[in-house]
Amino acid sequence: MEHKILKSFPNDFLWGSASAAYQVEGAPFEDGKKASVWDNFVRIPGKTFKGTNGDVAVDHYHRYKEDVALMKELGLKSYRFSIAWSRILPDGRGEVNQGGLKFYEDLIDELITNGIEPIVTLYHWDLPQALQDLYGGWESREVIADFVNYSEILFNAFKGKVKYWVSLNEQNVFTNQGWVTATHPPGKKNLKLFYQVNHHANLANAAVINKFHDMKMPGQIGPSFAYTPQYAIDSNPMNVLAAENAEEMYSHFWIDVYIYGEYPIVALAHLREQGLAPEFADGDAELLKSAHPDFLGVNYYQTATNAWNPVDGGVGATEFNTSGKKGTTKESGVPGLHKKVQNPFIERTNWDWEIDPEGLRIALRRITSRYRIPVMITENGLGEYDKLEDGKVHDEYRIAYLESHVKAIKEAITDGATVIGYHTWSYTDLLSWLNGYQKRYGFVYVDQDESMEGSLKRIPKDSYYWYQQIIETNAEEL
Ligand code: BG6
């Protein structure tokens with residue numbers, strides 16, 4: 001539908017920005033913290049770009065006051081960040097580490113004092129190493145009780161202060177990279193295990209949502225899903241079918257469980273045929289059905305376009321572009337399901353991520369139609385090379401990216417979607433898990449690079465001032 005007049009963003013819209021503990025904090029062993037799986041994984045040669053790690057990251061642990069001061073000047077309404085489980089419970093369970101809890105208490109108080117709504121992600125991938133060693137982390141059902149126990153500590157500590165909680169960040173990404181592509185910890189390639197691990201994560205997500213509601217916590221909770229809407233390359237029915245397969249296996253497969261508490265029919269039939277379906281224990285089906293997230297967090301970066309990919313002679317998995325050399329991504333797919341092809345209508349970043357603002361509108365419409373749930377955009381942004389020139393960063397390409405995506409949200413709201421907030425990825429520049437420091441996302445430039453010896457100086461980019469205007473005007477001009 002083409003709208004002549006767009007609806008306004010709600011007055012209490014959460015104009016925010018986001019980060020994750022491992023990518024910004026540094027201080028991996030300070031004040032009682034012990035290793036997470038990421039503290040160790042980054043030390044395996046060849047796993048990250050030029051061996052980069054988050055030992056210092058952008059030193060947010062020591063500079064959070066300076067970071068919050070700049071947020072205030074920017075006018076941020078909300079800041080989404082994650083809590084490192086191994087700061088709170090260094091061994092994943094047992095004694096609470098007061099030193100770790102204090103850091104987040106201070107950060108949350110600082111945000112509230114400055115009029116910024118804290119949005120806490122309970123899990124952004126940094127599982128305590130102790131739990132990986134003890135029972136294989138997400139591979140064991142034991143993780144469900146430990147995750148709920150850890151979350152309950154935070155619910156009690158921040159009840160009334162934190163009103164928005166994200167349960168799991170991108171369950172679809174951390175399970176896939178951890179157990180299919182072996183690019184995240186624990187670095188395995190085992191499809192059967194992947195579906196089982198993912199099932200445990202679904203149960204943990206449901207259990208923590210129920211705990212939140214049982215405790216009558218003031219506020220809202222929901223998972224953040226990395227949603228990549230799937231397109232067909234053309235109207236050839238086989239290509240349309242390939243796109244349907246991808247949407248079923250990569251989107252419905254997670255969101256249906258979050259919202260309906262059931263795996264989607266076609267996906268489950270396919271997994272049963274392949275002998276890959278997760279094993280259900282007594283009570284699993286009931287637990288999944290009983291949990292109701294208050295919102296769906298959506299991390300939106302791009303769409304994907306599909307063509308048919310036959311079982312015989314079809315293409316399989318390939319590696320991601322982590323080099324920042326445009327055009328180096330090869331075709332990849334799953335024979336018998338789909339293959340991902342280039343969309344001729346869409347521009348790409350230097351890391352070959354597709355730039356598609358209309359895809360965000362499509363994403364919001366699909367979610368609204370199928371799930372009827374409010375959405376919080378928990379991530380959206382552009383990772384690019386930035387250049388510091390005379391103390392300034394002229395990132396007009398980021399402004400263009402963000403502005404077109406904000407406009408797409410406004411259109412989706414006019415279409416009937418309920419969107420409660422928009423969090424850009426990311427607030428400051430930070431460590432990209434596999435791409436080092438050169439792939440920058442922030443409003444605030446940080447002098448840090450692959451040498452990991454930068455001065456850590458903070459410099460607001462042009463996009464910072466653009467966002468300031470957007471927030472001030474509630475994007476009325478768009
Ligand atoms: C999301 C994650 O997948 O995308 C973030 O939640 C991540 O943690 C972001 O940094 C961008 O991805 P990348 O690979 O460009 O850092």
Taking all atoms of both residues into account, what is the closest heavy-atom pair of [X] and [Y], and its distance?
X    : Y    : answer
E358 : Y231 : C-OH, 4.4 Å
S426 : S17  : C-OG, 3.4 Å
T368 : A417 : OG1-CB, 3.3 Å
Y301 : G381 : CD2-O, 3.5 Å
P218 : F212 : O-CZ, 4.3 Å
L478 : K410 : O-NZ, 3.1 Å

Discussion item. side-chain contact (heavy atoms from CB on, under 4.5 Å) for K163 and Q220? Distances and angles first, verdict last.
Written reply: CA-CA 6 Å; K163 299 195 197 87; Q220 306 189 10; over 6 Å; no
Item to complete: Give the C-alpha distance, both sets of side-chain angles, the deciding distance and a yes or no for side chain to side chain donor-acceptor pair (under 3.5 Å) between H60 and D67.
Response: CA-CA 7 Å; H60 175 69; D67 289 338; 2.8 Å; yes
Give a yes or no on whether [X] atom [atom1] has more than 12 heavy-atom contacts from other residues, nucleotides or ligands under 6.0 Å away.
X    : atom1 : result
Q274 : CD    : yes
I265 : CD1   : no
E117 : CD    : yes
K102 : NZ    : no
K407 : NZ    : no

Relative to each other, are the rings of [X] and [Y] parallel, tilted or perpendicular (30° and 60° limits)?
X    : Y    : result
W15  : Y467 : perpendicular
W254 : F225 : tilted
H184 : W433 : tilted
Y150 : F147 : tilted
Y371 : Y260 : tilted
H405 : Y300 : tilted
W138 : F174 : tilted

Worksheet entry | Modelled atom types, side-chain donor and acceptor of H62 and D59, under 3.5 Å |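 A pair is found: one side chain offers a donor N or O, the other an acceptor, under 3.5 Å apart.
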Worksheet item: Are side-chain N/O atoms of T322 and N435 paired as donor and acceptor at under 3.5 Å?
Response: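 No donor-acceptor contact under 3.5 Å links the two side chains.
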With a 3.5 Å distance limit and no angle check, can you tell me whether [X] reaches the backbone of [Y] through a side-chain donor-acceptor pair?
X    : Y    : result
S404 : Y401 : yes
H338 : N306 : no
Q23  : L430 : no
S369 : R366 : no
R365 : L360 : no
Q468 : E73  : yes
N245 : L337 : yes
N172 : A226 : yes
S140 : G137 : no

Considering only NZ, NE, NH1 and NH2 on the basic side and carboxylate oxygens on the acidic side, decide whether [X] and [Y] come within less than 4.0 Å.
X    : Y    : value
D12  : K77  : no
K188 : E139 : yes
R361 : D415 : yes
E105 : K161 : no

Worksheet entry | Passing candidate, side-chain contact (heavy atoms from CB on, under 4.5 Å) with F81, options V120, T121, V166 |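 Only one of V120, T121, V166 forms a side-chain contact (heavy atoms from CB on, under 4.5 Å) with F81, namely V120.
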Discussion item. Tell me which one of V37, I44, D39 satisfies side-chain contact (heavy atoms from CB on, under 4.5 Å) with F41.
Written reply: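 Going through V37, I44, D39 one by one, the side-chain contact (heavy atoms from CB on, under 4.5 Å) with F41 is satisfied by I44 alone.
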Discussion item. Under 6.0 Å from the ring centre and within 45 degrees of the ring axis: does the NZ or CZ of K33 meet both conditions for the six-membered ring of W85?
Written reply: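 Pair K33/W85 does not count as cation-pi.
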Worksheet entry | From I470 atom CD1 to L74 atom CG, the distance as rounded to the nearest 0.5 Å |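 Interatomic distance, I470 CD1 to L74 CG, rounded to 0.5 Å: 11.5 Å.
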Discussion item. Once rounded to the nearest 0.5 Å, what's the spacing between atom OG of S151 and atom CG of N205?
Written reply: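 Between S151 OG and N205 CG, I get 10.0 Å after rounding to 0.5 Å.
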Note, [X] side chain near [Y] side chain (heavy atom, < 4.5 Å):
X    : Y    : result
N299 : W425 : no
Y123 : N169 : no
T48  : N53  : no
R80  : E379 : yes
Q171 : N198 : yes

Item to complete: Please lay out, stage by stage, how E403 and W466 fare under the test side chain to side chain donor-acceptor pair (under 3.5 Å).
Response: CA-CA 9 Å; E403 189 162 290; W466 164 83; 2.8 Å; yes
Worksheet item: What's the verdict on salt bridge (charged side-chain N to carboxylate O under 4.0 Å, His left out) for R141 and D284, showing C-alpha distance, side-chain angles and the deciding distance?
Response: CA-CA 11 Å; R141 285 171 178 273; D284 285 5; 2.8 Å; yes
Item to complete: Kindly determine whether D294 and I373 satisfy side-chain contact (heavy atoms from CB on, under 4.5 Å), including the steps that lead there.
Response: CA-CA 8 Å; D294 301 298; I373 188 165; over 6 Å; no
Fill in: side chain to side chain donor-acceptor pair (under 3.5 Å) between N202 and Y263, worked out
CA-CA 10 Å; N202 278 327; Y263 289 102; 3.1 Å; yes
Worksheet item: Between F103, Y427, Y79, which is the residue that forms a ring-ring contact (aromatic ring centres under 6.0 Å, His included) with Y64?
Response: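 Of the listed residues F103, Y427, Y79, the ring-ring contact (aromatic ring centres under 6.0 Å, His included) partner of Y64 is F103.
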Fill in: Steps toward side-chain contact (heavy atoms from CB on, under 4.5 Å) verdict (R370, H252)
CA-CA 10 Å; R370 190 173 170 107; H252 303 160; 3.4 Å; yes
Discussion item. For a side chain to side chain donor-acceptor pair (under 3.5 Å) check, start with the C-alpha distance between Q448 and D429, then their side-chain angles and the critical distance, and finish with the verdict.
Written reply: CA-CA 9 Å; Q448 177 66 303; D429 287 341; over 6 Å; no
Practice prompt. Quick one: do R43 and D55 satisfy side-chain contact (heavy atoms from CB on, under 4.5 Å)? Show the steps, please.
Written response: CA-CA 11 Å; R43 298 185 205 287; D55 282 5; 2.7 Å; yes
